[in-house]
Amino acid sequence: MFKKVFRTGCLVRTGHVILTWATTLVLFLHDTDLRKYEEKGELAHPVVFASLVLISVMLYFTVSLMDPGFVLSDVEISSTNEELEEMMPQTARLRRCGYCLLLQPMRAKHCKACNRCVRRFDHHCPWIENCVGERNHRWFLLYLGVQLLVLLWGLQTAWSGIVSAPTWKLWFVQNGFLLAALGVTGVFSGVVVLLLGCHLYLASSNTTTWEFMARHRISYLKHCDSEENPFDRGPLCNLWDFFCVCRTVAWERVYAKFRASAVCD
């Protein structure tokens with residue numbers, strides 16, 4: 001029973017919500033900048049901060065619960081033109097997943113945690129208890145951006161509430177909860193900065209975490225040069241497609257065009 005609940009992500013999501021709102025409550029209950037603004041009747045800062053926290057929680061559940069791009073059947077893939085198959089190397093052609101027995105579109109990968117194949121698979125994130133793939137990757141980056149803003153603001157707010165005391169013991173007693181909030185926001189700020197920076201770089205080069213880490217083992221990439229990416233259209237076009245184009249991309253066609261242009265050159 002416990003394992004079943006944990007697999008559904010209930011404990012992870014509940015823990016995220018409790019930690020988020022507990023930290024927020026600490027920042028509002030102590031003598032921080034937010035509390036001072038509230039006491040003065042200047043509610044703009046507290047309202048904006050609370051709204052950002054709420055938006056970050058909503059984005060978290062959006063990314064956590066939405067379909068990341070599961071491959072549902074062979075029908076949606078079977079429409080691939082046979083000419084495209086002929087233009088691709090034998091190692092780069094569509095293959096059937098050894099776990100769920102479905103045809104895998106290019107850039108898809110089977111996730112053992114979700115037990116499903118995911119289009120444009122990036123990684124399985126244990127914090128959201130979901131895969132990051134074609135459908136929710138942009139939302140994942142948006143969540144990271146809002147979360148980073150909240151964490152940095154929370155870090156500054158927690159620091160503003162630290163007060164002095166005549167002895168170390170009394171200082172720890174008076175600032176214990178704020179120090180905990182400072183530690184939580186500080187650690188998560190560092191993690192989110194790294195994640196956001198890495199994923200923005202990957203998005204700008206139209207590469208996934210899986211492709212970046214396992215390039216030498218991926219059939220459609222291992223024969224390419226180390227600096228060669230068949231899906232790269234330049235940073236601006238890549239970022240535009242990533243954030244603004246909401247459709248399923250036939251990566252086989254993109255790959256075939258790349259191969260054709262490479263042969264012509």
Side-chain angles (χ1 to χ4, degrees), residues 7 9 12 60 63-64 66-71 77 88-100 102-145 147-148 187-239 241-243 245 248-252 254-256 258-259 262:
R7 285 198 195 102
V12 175
Y60 171 81
V63 176
S64 179
M66 76 182 297
D67 177 359
F70 292 130
V71 179
I77 306 167
M88 291 188 284
Q90 186 68 35
T91 55
R93 297 182 183 180
L94 295 180
R95 65 187 185 89
R96 195 168 290 278
C97 175
Y99 296 94
C100 56
L102 293 174
L103 281 175
Q104 284 186 335
M106 186 167 283
R107 308 190 81 180
K109 183 182 181 296
H110 186 87
C111 173
K112 294 182 180 179
C114 295
N115 199 29
R116 306 279 291 276
C117 283
V118 181
R119 286 180 173 273
R120 199 182 177 278
F121 176 84
D122 188 86
H123 71 288
H124 183 89
C125 180
W127 183 242
I128 65 172
E129 196 58 33
N130 195 11
C131 279
V132 176
E134 186 173 73
R135 294 191 61 189
N136 67 346
H137 200 169
R138 64 176 61 85
W139 293 102
F140 181 71
L141 258 71
L142 182 60
Y143 160 68
L144 289 179
Q147 187 70 69
L148 180 60
V187 170
F188 279 99
S189 293
V191 172
V192 173
V193 164
L194 290 175
L195 279 174
L196 186 59
C198 290
H199 280 277
L200 282 174
Y201 166 75
L202 292 172
S204 68
S205 59
N206 202 343
T207 306
T208 65
T209 301
W210 172 56
E211 290 171 342
F212 184 81
M213 299 295 292
R215 180 186 180 93
H216 62 286
R217 295 191 288 109
I218 299 174
S219 60
Y220 56 84
L221 290 178
K222 62 183 179 181
H223 66 280
C224 298
D225 295 335
S226 59
E227 300 298 324
E228 196 174 41
N229 181 3
F231 312 111
D232 187 6
R233 298 178 58 222
L236 291 179
C237 288
N238 289 335
L239 288 172
D241 291 343
F242 183 86
F243 286 106
V245 178
T248 298
V249 178
W251 295 110
E252 295 83 4
V254 177
Y255 186 86
F258 168 80
R259 291 290 299 175

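Counting begins at 1 with the first residue of the sequence. Just so you know, these numbers use all the heavy atoms, side chains as well, and skip hydrogens, waters and symmetry mates.
In terms of heavy-atom proximity, Asp225 sits nearest to Arg215 at O-NH2, 2.6 Å.
Side chains of Asn229 and Thr207: a donor-acceptor N/O pair is present below 3.5 angstrom, by distance only. For the residue pair Glu211 / Tyr220, a side-chain donor-acceptor distance below 3.5 Å is found, with atom types taken as modelled. Looking at Ser204 and Asn238, their side chains never bring a donor and an acceptor atom within 3.5 Å of each other.
Remark: the backbone N or O of Asp122 is not paired with any side-chain donor or acceptor of Thr208 at under 3.5 angstrom. Remark: side-chain polar atoms of Glu252 are not paired, donor with acceptor, to backbone N or O of Pro105 under 3.5 angstrom. At least one donor-acceptor pair under 3.5 Å links the side chain of Arg138 to the backbone N or O of Val245.
A search for salt bridge (Lys or Arg N to Asp or Glu O under 4.0 Å) contacts involving Arg116 returns nothing, not counting sequence neighbours. With sequence neighbours left out, Trp139 forms a ring pair (Phe, Tyr, Trp, His ring centres under 6.0 Å) with no residue at all. With sequence neighbours excluded, the residues that form a side-chain contact (heavy atoms from CB on, under 4.5 Å) with Cys100 are Cys97, Leu102, His110, Cys117.
The shortest side-chain heavy-atom distance between Phe258 and Glu228 falls under the 4.5 Å cut-off. Looking at heavy atoms from C-beta onward, Ser205 lies out of side-chain contact with Phe212 at the 4.5 angstrom threshold. In this structure, the side chains of His124 and Glu129 come closer than 4.5 Å at one or more pairs of heavy atoms. Counting heavy atoms from C-beta on, the side chains of Phe121 and Gln104 never come closer than 4.5 Å. Taking the side chain as every heavy atom from C-beta outward, Asn130 and Val63 never approach each other to under 4.5 Å. At least one side-chain heavy atom of Arg107 sits less than 4.5 Å from a side-chain heavy atom of Asn206. Using a 4.5 Å heavy-atom cutoff, the side chains of Cys131 and Asn136 are not in contact. Contact of the Val118 side chain with the Lys109 side chain is not registered, since no non-hydrogen atoms from C-beta on lie closer than 4.5 Å.
Residue Phe243 places its CZ atom among more than 12 non-hydrogen atoms of other residues, nucleotides or ligands, all under 6.0 Å distant.
Between Phe140 and His199, the ring planes lie perpendicular to each other; the angle is over 60°, past the 30° to 60° tilted range. By the 30° and 60° cut-offs, the orientation of the rings of Tyr60 relative to Tyr143 is tilted.
Rounding to the nearest 0.5 Å places NE2 of His123 at 10.0 Å from CG of Leu202. Phe70 CZ to Cys111 SG: the interatomic distance, rounded to the nearest 0.5 Å, is 7.5 Å. Within the model, atoms OG of Ser189 and CD of Gln147 stand 8.5 Å from one another, a figure rounded to the nearest 0.5 Å. Here Trp251 contributes atom CH2 and Arg120 contributes atom CZ; the two are 5.5 Å apart, rounded to the nearest 0.5 Å. To the nearest 0.5 Å, atom CZ of residue Arg233 and atom CG of residue Asp241 are 4.5 Å apart.
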